[in-house]
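Shown next, in structure tokens, is the structure this report addresses.
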Amino acid sequence: MTPSIASRLAKLNPRQQEAVRAIDGPCLVLAGAGSGKTSVITTKIAYLVQECGMSARRIAAVTFTNKAAREMKERVGQMLQGREGHGLTVSTFHTLGLNIIRGELKALGYKPGFSLFDPEDAKALLRDLMNKDAQVDAEAINQVQAAISNWKNDLVLPGQALSHAADDGEQFAARVYEAYVRHLKAYNAVDFDDLILLPVTLLRDDPEALARWRRKIHYMLVDEYQDTNVSQYQLVRMLMGERQTFTVVGDDDQSIYAWRGARPENLVTLGEDFPRLNVIKLEQNYRSTGTILRAANTLIGNNPHVYEKTLWSNMGQGEAIRVVVNRHEEAEAERVASEILTRRIKERAEWRDFAVLYRGNFQARLLELKLQHYQVPYKLSGGTSFFSRGEIKDAMAYLRLLINPADDNAFLRIVNVPRREIGPGTLEKLANYATDRGTSLFAACHELGLAEQLPTRAVERLGRFTHFIDGVRRRMDGGDALAAIREMLRDMDYEAWLYQNASAPTIAERRMANVWTLIDQLEKSMQADPEDRAEEATASTATETDDVESAISRLVLRDILEQQAEEDDSDRVQLLTMHASKGLEFPHVYLMGLEEELLPHRNAIEVGTVEEERRLAYVGITRARRTLTLTLARQRKAYGELMDCTPSRFLDELPEDALEWEGRADREDPEKKQARGQDAIAGLRSLLG
DNA sequence: GTGGACTCGATTTTT
DNA sequence: TCGAGTCCAC
């Protein structure tokens, strides 16, 4: 054994070592919160390369978020030396799918330069399709979009959706689905769900492609396996087929995305599909105090389990979990804010050591006000994405059209931005003509027959636009693609258009700066993997335009830009939803709003998914390293009305002796309690009297 | 193009 | 209740 891998292994506990060494067959690692699962995955990759002599280019590790992929890549990079890690795949499921599609364009019937539609682009297309017959409201579009996404995630194709439609609504959605798929194909475009669906159907239907990818990937590792959906599981299954060499790591107790298609039962299915499955449990927690873990264990003990596990730690018992009952929501926010302020001094902690977790984003509003009042620096997760900004959508549409002239969506977005006096009338006639001829809008502009359908002036204007785009494209192919893009933005004077349309010059300035940031990011993204690029370039005849193309896709997948946001590691209190907190840890955690109807959420109670809410609470609790404070309000304003709140059932499910209550009405000293009882009786009498 | 009146909804959102 | 988003009149 090489010394470096031996010392890595020695740092792991026996169960973790077992998980690393289990390489001959299918392996499921049930990794409790804080049990060092990332160490297992990264060490296992190093073990496969250094100890088993497997080439890194035969290994694929997949995660759900770009962030997780980046962190994993970095940790593996530290373990492997020199060229050992060359060609290793550590990516999200979606990026893996994107690469498969890029490698199998012909087999899939797509052309080079295909566009990747983000959910907003997809919605725009659906709106178009659904509004053809009658005006449809936004809600209906959202519903159909969700239905289509669910179908795709469940590997249900339009034909099957149509034949299984139970009612008119589903039938309608299924017909839109069919049209949607057809249009995407015509646009030479794929959506996010296609990034998994298309590879799965290809591998299922094309034995040669299957053989190609099985030859390429010999070992897979999957993180957060409980969050996989049907199509993601099938992708892993198809790729690992007969070889059965994979490791999946997950925790059914942290499954909080079932509402979005995740199938935690994939953990069980795995045992059925692979009888040789080696199940290894990691139960030692390296994060939290004994008290916090005991509370977490007791709470989650109320959920049914296929695989029982109990977390333990040797970090000492630590402090009791405090439960603070407040008069109302404002008092709750006030309390949390002021407590962070004092605790920071008392504990000599930094702002970043604190996190406040809540069920819904709206809960952050009041808290923000209080934190501002006390001048506590904080960072709010979520918020409007860079990519939903209009100027970014415009720039992305230009890029997409340059790479993929069939992308009608991109064409429509920017054909008249900045103004080129190409109005709805012209576009409608152009669309009719293109439909008749079975071509894209952009291609139709080049056709001579168009002159018969449109006034000369309109044809001229369209021609000027396409000529402009064609010119940029030629410059891109001829050399420095990014220089051509920057030149394009200057030539068409996008900046002037921004100034015309902004309410203030500073806003226009900021927007233009955003566009340049986007282009800078594009450049960075192209330089991100010089090794891979070199490899691709030798393997095929990759041009710089190909690089721009793949960089744009990565940009759509939110890869590189969010990295920049992360690098801002200023010292601030974190405000997060419990969902967003998964995978993170903090010395001091505040969990707000432990009330019935909020956590568990009322909708969850209604539809009977309290178990997932319990897991959500479990995730929240297990984020805490040293101290945990749970807060709730007796009254809360909801829908404009003041509502009395009931403490969350989850509080009753925690071990009484691990909690330290503050302000609880029915656990005060008996005298007070009796006094209030008298009051109540008196009140009742007065009511009756 | 813009702002004021009006309507509607109110949980979470890895890519 | 409050706020975001939509729509219409100017």
Side-chain angles (χ1 to χ4, degrees), chain A residues 62-71 91-98 116-122 135 137-139 141-142 145-146 149-150 152-153 190-197 222-229 231-232 235 250 254-262 329 357-366 381-385 387-388 419 497 500-503 553-562 566 576-584 593 595 597-607 609-610 612-613 615-617 619-620 636-643:
Chain A
V62 283
T63 63
F64 277 85
T65 65
N66 293 310
K67 189 178 166 196
R70 260 196 309 277
E71 282 170 6
S91 73
T92 62
F93 263 107
H94 289 84
T95 302
L96 176 67
L98 181 71
L116 175 55
F117 275 24
D118 75 12
E120 281 183 55
D121 301 320
Q135 278 293 312
D137 63 2
E139 186 48 37
I141 296 170
N142 289 339
Q145 187 169 28
S149 182
N150 288 337
K152 287 191 173 189
N153 288 155
V190 302
D191 66 16
F192 279 11
D193 297 322
D194 284 337
L195 294 179
I196 316 294
L197 174 71
V222 183
D223 192 15
E224 304 279 12
Y225 181 72
Q226 75 284 348
D227 288 341
T228 51
N229 59 34
S231 63
Q232 286 158 339
L235 183 60
Q254 291 186 69
S255 161
I256 53 176
Y257 285 110
W259 54 274
R260 214 170 48 191
E329 67 214 304
L357 312 183
Y358 37 79
R359 178 66 237 255
N361 282 310
F362 70 93
Q363 289 174 268
R365 281 218 183 105
L366 258 178
S381 90
T384 328
S385 143
F387 281 91
S388 49
R419 277 192 63 188
W497 188 83
Q500 277 165 33
N501 287 283
S503 50
S553 298
R554 269 178 284 168
L555 229 43
V556 180
L557 286 176
R558 314 284 141 102
D559 193 346
I560 192 147
L561 222 64
E562 77 180 14
E566 260 169 50
L576 301 159
T577 63
M578 284 176 227
H579 282 95
S581 76
K582 196 170 74 155
L584 306 175
E595 298 144 31
E597 312 241 301
L598 196 53
L599 182 69
H601 195 272
R602 77 187 285 176
N603 297 356
I605 297 171
E606 271 168 27
V607 301
T609 54
V610 173
E612 180 146 313
E613 298 290 298
R615 290 193 290 269
L616 194 54
V619 166
R636 188 179 291 276
K637 236 187 284 179
Y639 310 124
E641 232 180 325
L642 198 61
M643 307 278 284

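Each chain gets a letter, A, B and so on, in the order the sequences are listed, and its residues count up from 1.
- For A:Gln226, the side chain to side chain donor-acceptor pair (under 3.5 Å) partners are A:Glu224, not counting sequence neighbours.
- Taking the side chain of A:Arg365 as heavy atoms from C-beta on, and the options C:dG3, B:dT11, B:dT13, the nearest nucleotide is C:dG3.
- The separation between A:Asn361 atom CG and B:dT13 atom C1' is 10 Å, rounded to whole Å.
- Residues passing the salt bridge (Lys or Arg N to Asp or Glu O under 4.0 Å) test with A:Asp223 are A:Lys37, sequence neighbours excluded.
- Taking atom CE on A:Met643 and atom C1' on C:dC2, their separation rounds to 16 Å, with Å as the unit.
- Side-chain proximity of A:Thr577 to B:dT15, C:dA4, B:dT12: nearest is B:dT12.
- Among the nucleotides B:dT11, B:dT15, B:dT12, the one closest to any side-chain atom of A:Thr65 is B:dT15.
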For nucleotides 8-10 of chain B, tabulate all protein N/O to nucleotide N/O atom pairs closer than 3.5 Å, reporting atom names and distance.
none

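- Comparing B:dT11 with C:dA4, their P atoms are spaced 15 Å from each other, to the whole Å.
- Mapped onto DNA chain B by nearest heavy atom, A:Ala262 and A:Val607 fall at different nucleotides, with A:Val607 at the one closer to the 5' end.
- Distance CD (A:Glu595) to C1' (B:dT11): 15 Å, rounded to an integer number of Å.
- The interatomic distance linking A:Phe64 (CZ) with B:dT13 (P) rounds to 16 Å, in whole Å.
- The CD-C1' distance, from A:Glu613 to B:dT12, rounds to 8 Å in whole Å.
- Counting heavy atoms of neighbouring residues, nucleotides and ligands inside a 6.0 Å radius, atom CD of A:Glu641 does not exceed 12 of them.
- Across the protein-nucleic acid pair, A:Asp118 atom CG and B:dT13 atom C1' stand 14 Å apart, rounded to whole Å.
- When the salt bridge (Lys or Arg N to Asp or Glu O under 4.0 Å) test is applied to A:Asp118, the partners found at least two apart in sequence or on another chain are A:Lys393, A:Arg558.
- Qualifying salt bridge (Lys or Arg N to Asp or Glu O under 4.0 Å) partners for A:Glu612, counting only residues two or more places apart in sequence or in other chains: A:Arg615.
- Among the atoms of the strands shown, base atoms are found under 4.0 Å from some heavy atom of A:Tyr257.
- Partners of A:Thr92 under the side chain to side chain donor-acceptor pair (under 3.5 Å) rule, at least two apart in sequence or in another chain, are A:Thr95.
- The nearest whole Å value for the distance from the CG atom in A:Leu576 to the C1' atom in B:dT13 is 14 Å.
- Rounded to whole angstrom, the span from the CD1 atom of A:Ile605 across to the P atom of B:dT12 amounts to 16 Å.
- At least one donor-acceptor pair closer than 3.5 Å links the side chain of A:Glu613 to the backbone N or O of A:His601.
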